[in-house]
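Some notes on the structure that comes next.
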Amino acid sequence: QVQLVESGGGLVQAGGSLRLSCAASGRTFSRYAVGWFRQAPGKEREFVATISGSGGSTSYADSVKGRFTISRDNAKNTVYLQMNSLKPEDTAVHYCAARNSLNGSLKVGAYDYWGQGTQVTVSS
């Protein structure tokens, strides 16, 4: 069982930056790939980024590629999402999720554990 807690969301102007954190419980965190997803009001939850258990492999949605960076520190049981050049369309609740695999996935249904989410609001 893995418990995930996100933090770092907030209100920022367009062009600004935020760093989200996802803190996980458990002693074998490196065995879990982690993904970040987001959900805006009235829209489906969508993939943002994912990272393998070792941190050696990452993947991004086209909409955030070049602006967002996912990373992890397994010694701290934490995954980060550095978000730069934020746009109003990035406004959403951002969730981290973990899956029982070393390899990440772009699919919402591939993840076994979810955090409660953190709100990111980007003003124009």
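Just so you know, residue 1 is the first one in the sequence shown, and it goes up from there.
Side-chain atoms of Phe68 and Leu20, non-hydrogen and from C-beta on, never get closer than 4.5 Å to each other. A 4.5 Å side-chain heavy-atom check between Arg38 and Ser63 finds at least one atom pair inside the cut-off.
Between the CG atom in Asn103 and the OG atom in Ser59 there is a gap of 11.5 Å [rounded to 0.5 Å]. To the nearest 0.5 Å, the span separating CD on Glu44 from CD on Gln39 amounts to 8.5 Å.
Between Asn77 and Ser25, the shortest heavy-atom distance links the atoms ND2-C, 4.1 Å. Contact record, Val48 with Val64: O-CG2, 3.5 Å, taken as the closest heavy-atom pair. Pairing each heavy atom of Gly9 with each of Val120, the nearest pair is CA-CG2, 4.2 Å. Counting all heavy atoms, side chain and backbone alike, Trp36 lies closest to Cys22 at CZ2-CB, 3.6 Å. Minimum heavy-atom separation, Leu106 to Phe47: O-CB, 3.4 Å. For the pair Lys87 and Val122, the tightest heavy-atom approach, listed with the atom from each and the gap, is O-CB, 3.3 Å.
A distance-only check finds no donor-acceptor pair linking the side chain of Thr121 to the backbone of Thr91 [under 3.5 Å]. Between the Ser124 side chain and the Pro88 main chain, no donor and acceptor come within less than 3.5 Å of each other. Judged by distance alone, with hydrogens and angles left aside, the side-chain atoms of Thr50 form a donor-acceptor pair with the main-chain N or O of Val34 at under 3.5 Å. Tyr111 places no side-chain N or O within donor-acceptor distance of the main-chain N or O of Ala33, the cut-off being under 3.5 Å. With Arg72 contributing its side chain and Gly55 its backbone, the two residues share no donor-acceptor pair below 3.5 Å. Side-chain N or O atoms of Glu6 include one that pairs as donor or acceptor with a backbone N or O of Gln116 at under 3.5 Å. At least one donor-acceptor pair closer than 3.5 Å links the side chain of Tyr60 to the backbone N or O of Ile70. Listed for the Asn74 side chain is a donor-acceptor partner under 3.5 Å among the backbone atoms of Gly53.
The local environment of CZ in Arg67 is crowded, with over 12 non-hydrogen atoms from other residues, nucleotides or ligands closer than 6.0 Å. By the 6.0 Å contact criterion, CD on Gln119 is enclosed, its count of non-hydrogen atoms from other residues, nucleotides or ligands being greater than 12.
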- Query: Stepwise, does the salt bridge (Lys or Arg N to Asp or Glu O under 4.0 Å) test hold for Asp62 with Lys65?
  - Reply: CA-CA 5 Å; Asp62 288 343; Lys65 202 170 293 183; 3.2 Å; yes
- Any chance you could lay out the side chain to side chain contact (heavy atoms under 4.5 Å, CB included) test for Asn84 and Ser17, step after step, and finish with the verdict? CA-CA 4 Å; Asn84 299 328; Ser17 298; 2.9 Å; yes
- Dump the intermediate steps for side chain to side chain contact (heavy atoms under 4.5 Å, CB included) on Asp73 and Tyr80, then the final yes or no. CA-CA 8 Å; Asp73 184 341; Tyr80 305 97; 4.2 Å; yes
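Residues Leu18 and Leu81 share a single hydrophobic cluster, defined by chaining ILVMFWY side chains whose heavy atoms lie under 4.5 Å apart. Cluster membership for Tyr95 and Phe29, using ILVMFWY side-chain heavy atoms within less than 4.5 angstrom, is not shared. Each of Val93 and Leu4 belongs to its own hydrophobic cluster when Ile, Leu, Val, Met, Phe, Trp and Tyr are linked at side-chain heavy-atom distances under 4.5 angstrom.
The cationic atom of Arg45 (NZ for Lys, CZ for Arg) does not lie both less than 6.0 Å from the six-membered ring centre of Phe37 and within 45° of the ring axis.
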